Amino acid sequence: MSPKLKKADGRELKTENQEMTGSSMLIQALAREKVDVIFGYPGGAILPTYDEIYRTGIRHILARHEQGAIHAAEGYARVSGKPGVCVVTSGPGATNVVTGIADAMIDSLPMVVITGQVATSVIGTDAFQEADVVGVTMPITKHNFQVRDVEELPRIIKEAFHIATTGRPGPVLIDLPKDVSTASGFFNYDQDVDLPGYQPTVTPNKHQIKKLVEAVTKADKPVILAGAGVLHSGAAKELLDYVEQQKIPVSSTLLGLGAFPGNHELSLGMAGMHGTYTSNMALHETDLLISIGARFDDRVTGNLKHFAPRAKIAHIDIDPAEIGKNIETSIPVVGDAKEALRMLFEAKGTPCDCTQWKEQLNEWKQENPLWYKEEGNSLKPQRLIEMIYEETKGEAVVTTDVGQHQMWAAQYYKFDKPNCWVTSGGLGTMGFGFPSAIGAQFAEPDKQVVAVLGDAGFQMTAQEMSILQELNLPVKIILVNNASLGMVRQWQQLFYEERYSNSLFPIQPDFVKMAEAYNIKGWKIEDPNEMQGALKEALNYEGPVLMDCRVHKDENVYPMIAPGKGHHEMEGVKP
Amino acid sequence: MKRTIIATVNNTSGVMNRITGLFARRHFNIESITVGMTENPSVSRMTFVVNVDDQRGLDQVIKQLNKQVDVLKVRDITDDAIVARELALIKVVAAPQHRGEISALAEPFRASIVDVGRESVTLQVTGDQQKVEALIDLLKPYGIKELARTGITAFKRGTKKSVFESPKYSIIN
């Protein structure tokens, strides 16, 4: 629900065609866009907007670093499907959100980022806290604007939200010079968006759908590769309906986890570098690969020379530029995943007869499941993730940083439901997991939010524990603490002859004391026998919790496709 | 392969930067870009000459350009009947006794001498790239002191539809 904006005397503001300042227009427009929470950090150039936030009482979450604010907005966007809004000041404030903007761009998250800017009269003079943010963010935004005239502001905000949330979602930046935010103009928000150069194709071409239906009928070994596009278009149900109608096995990208229930008999699990053997072998052997909302990232495909060598490839994507970008496609389908799946379902094509194929897949599943060895009295990270899945019954929203813990979470937490998985897939951003959990908790206040973090990534944005303290947000921080940059260490072990250059942390902070400094309950767990009980207690605790779980230090993520190898060349498939 | 692509874009600040930045970061090999206003002051026309390895590379150039919000329409016109022109200014070493000769060389190219100095003359030539190349080649023996070329600007021959009436882009089209 949109917040009701009020004057200081409590009267509700009537805004249309009223004269007001640019900053006032901005807040009015955010309310009209039903923005219920802003993540941000104030500073000189954005002060008029913050004054308006103060006056109108719109909900604002004060991060302790702009990076925290933007990742929180990302987490919010990922779980709610609504645009995450982030407000920061000019210069350093704006450059501190660059990583998050790039992250949102590559993972297609709807975001509107508002940056303060120095006054128009001094733009270009290297003024105090000036940076060319429009220039800096041009390659990492779906679109960006600099407002030069206050009268343009309502149109720009409307266009920004439209662009961020339609077609392939993405971040849009509005750079707002201070004098524009204090200048006055008439607020007219009831105008149509008129962007002749921006008309995403939502409904797929019928002939292409027909071709795909025919291809499914003829296929002997079809596989669907489900990507995050399924989640962005809210098409999880449509995917399930179509798969159950056609009985096609489903492999998932890292970001597509949850688009199809992980516990479904037709689920093959995650594909790619640390995917399941079954999923990767399915991609290698398939004769019809139907990619839905996935962009053939190199972490999914492995070496392109060996990718799906026998397959006819169908690619459904709302972004035409993704089709044919990395992989040549026989059946291109430009359109929204939900529309495409609905049309495929309604076409009621003859399901392929692929009994043998399913038998083969089941055999792979039985013979080569994910594995790890229980060893002595040390806590195994894989078991830790399994326990989180068991204790939360798969109902939690799980966020992660990047690295080994991320891969273990992807492998061992069976994502049964959509929009419960928040991870930095494309950019691989350390420091993402914790603040994105905060944003996720705002998007789903009643859900259990578990931040599965590495000890290294957590230290990049740990200061956001202030938000947990301030608002008593019940985020559960589970540190998978191996006192190292685990994935870097693993690669150094495998590919750099065990030269562990700057990847080990011989001295760690006392994470429990760190948590306690923020008045957050903290535990340290070393004994695997204590883990389950402690986890139960943490999840049932009403406020925020940090669990410092000391896991086996030399554990590696397997199975694995080494760089340059194909899906059929996985290592570490069996113990 | 060398392709000529035209794009109509919003005539707003930063659009040129957006487009050239896109070419640079996507590793598209660009030979020339020209840009100028059209009959509609809010719309500019850009002409690119790009070198791409194959059809897939060409498709990516066009699709990535189309993704830009400020790009209204993109078309590869290499294989169409087109009007394409380039302008070059060529400053040539020209002792007084050679000036008549240079002037005679310029005539079949419809090039004109636009400046005369003590030891040089400057010629202006417009035409397709081959014509400009040919004149430059002929003038080389005299000694070229300075050379400035615009890159080609082009559009299709015959009638054209307004960019605002164009169908929306789809790879099926």
Side-chain angles (χ1 to χ4, degrees), chain A residues 102 105 123-124 132-146 148 152 156 159-160 162-164 166-168 170 172 175 193-209 211 315 317-329 331-335, chain B residues 5-28 38 40-46 52-76 161-173:
Chain A
M105 181 70 177
I123 288 178
D132 173 17
V133 173
V134 171
V136 166
T137 60
M138 214 169 255
I140 52 165
T141 47
K142 189 171 172 187
H143 194 56
N144 62 12
F145 299 90
Q146 186 171 68
R148 302 285 175 88
E152 289 181 348
I156 287 175
E159 287 179 5
H162 178 72
I163 294 167
T166 53
R168 178 179 180 175
V172 178
D175 199 34
V193 172
D194 179 25
L195 294 167
Y198 176 74
Q199 294 172 7
T201 305
V202 175
T203 308
N205 181 295
K206 282 179 194 166
H207 299 294
Q208 296 302 102
I209 292 286
K211 264 190 178 178
H315 191 168
D317 207 299
I318 197 154
D319 180 356
E322 283 305 332
I323 296 176
K325 189 184 79 178
N326 298 336
I327 299 284
E328 219 159 321
T329 305
I331 309 173
V333 181
V334 179
Chain B
I5 295 166
I6 53 170
T8 40
V9 301
N10 288 330
N11 181 16
T12 50
S13 68
V15 173
M16 184 73 167
N17 190 6
R18 265 179 220 289
I19 304 295
T20 52
L22 165 70
F23 275 75
R25 72 175 176 273
R26 294 273 176 194
H27 251 231
F28 297 147
T38 63
N40 179 347
S42 62
V43 175
S44 291
R45 176 185 298 274
M46 290 178 148
V52 289
D53 294 337
D54 49 24
Q55 184 63 35
R56 221 165 95 189
L58 174 66
D59 286 349
Q60 265 302 301
V61 171
I62 292 173
K63 286 173 179 175
Q64 292 293 341
L65 280 170
N66 257 306
K67 266 179 84 166
Q68 297 290 316
V69 172
D70 279 324
V71 172
L72 304 169
K73 188 175 180 181
V74 185
R75 179 159 287 175
D76 174 13
K161 282 182 188 171
S162 159
V163 292
F164 298 106
E165 291 165 14
S166 60
K168 51 188 179 176
Y169 176 77
S170 155
I171 68 154
I172 311 303
N173 292 332

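Since we're looking at a predicted model, the values are computed, not measured. Values below: every heavy atom of this structure, side chains too, minus hydrogens, waters and symmetry copies. Residue numbers begin at 1 in each chain, while the letters A, B, ... track the order of the sequences.
Proximity to chain B (any heavy atom under 4.5 Å) is shown, for Asn144(A), by both the backbone and the side chain. With a 4.5 angstrom heavy-atom cutoff, Thr12(B) does not touch chain A via any of its atoms. Only the backbone of Val71(B) comes within less than 4.5 Å of a heavy atom in chain A; its side chain stays farther off. Both the backbone and the side chain of Glu328(A) come within less than 4.5 Å of a heavy atom of chain B. Contacts between Asn326(A) and chain B at a heavy-atom distance below 4.5 Å involve the backbone alone (N, CA, C, O).
In plain terms, the two heavy atoms of Leu72(B) and Gly197(A) that are nearest each other are CD2-N, 3.7 Å. Minimum heavy-atom separation, Arg148(A) to Ser13(B): NH2-OG, 4.0 Å. Ile323(A) approaches Lys63(B) most closely through the heavy-atom pair O-NZ, 2.6 Å. Closest of all the heavy-atom pairs between Gln60(B) and Ala321(A) is NE2-O, 2.7 Å.
Using a 4.5 Å heavy-atom threshold, the side chains of Arg18(B) and His143(A) count as touching.
To the nearest 0.5 Å, atoms OH (Tyr198(A)) and CD (Gln68(B)) are separated by 12.5 Å. Distance CG/Asp132(A) to CG/Asn17(B): 8.0 Å, rounded to 0.5 Å.
Under the salt bridge (Lys or Arg N to Asp or Glu O under 4.0 Å) criterion, Asp76(B) pairs with Arg3(B), sequence neighbours left out. Residues passing the side-chain hydrogen bond (donor to acceptor under 3.5 Å, both in side chains) test with Arg25(B): none are found, sequence neighbours excluded.
One N or O on the side chain of Arg56(B) and one on the backbone of Gly324(A) form a donor-acceptor pair closer than 3.5 Å.
Interface remark: of the candidates Gly135(A), Gly335(A), Gly167(A), Pro139(A), Pro139(A) forms the most heavy-atom pairs closer than 4.5 Å to chain B.
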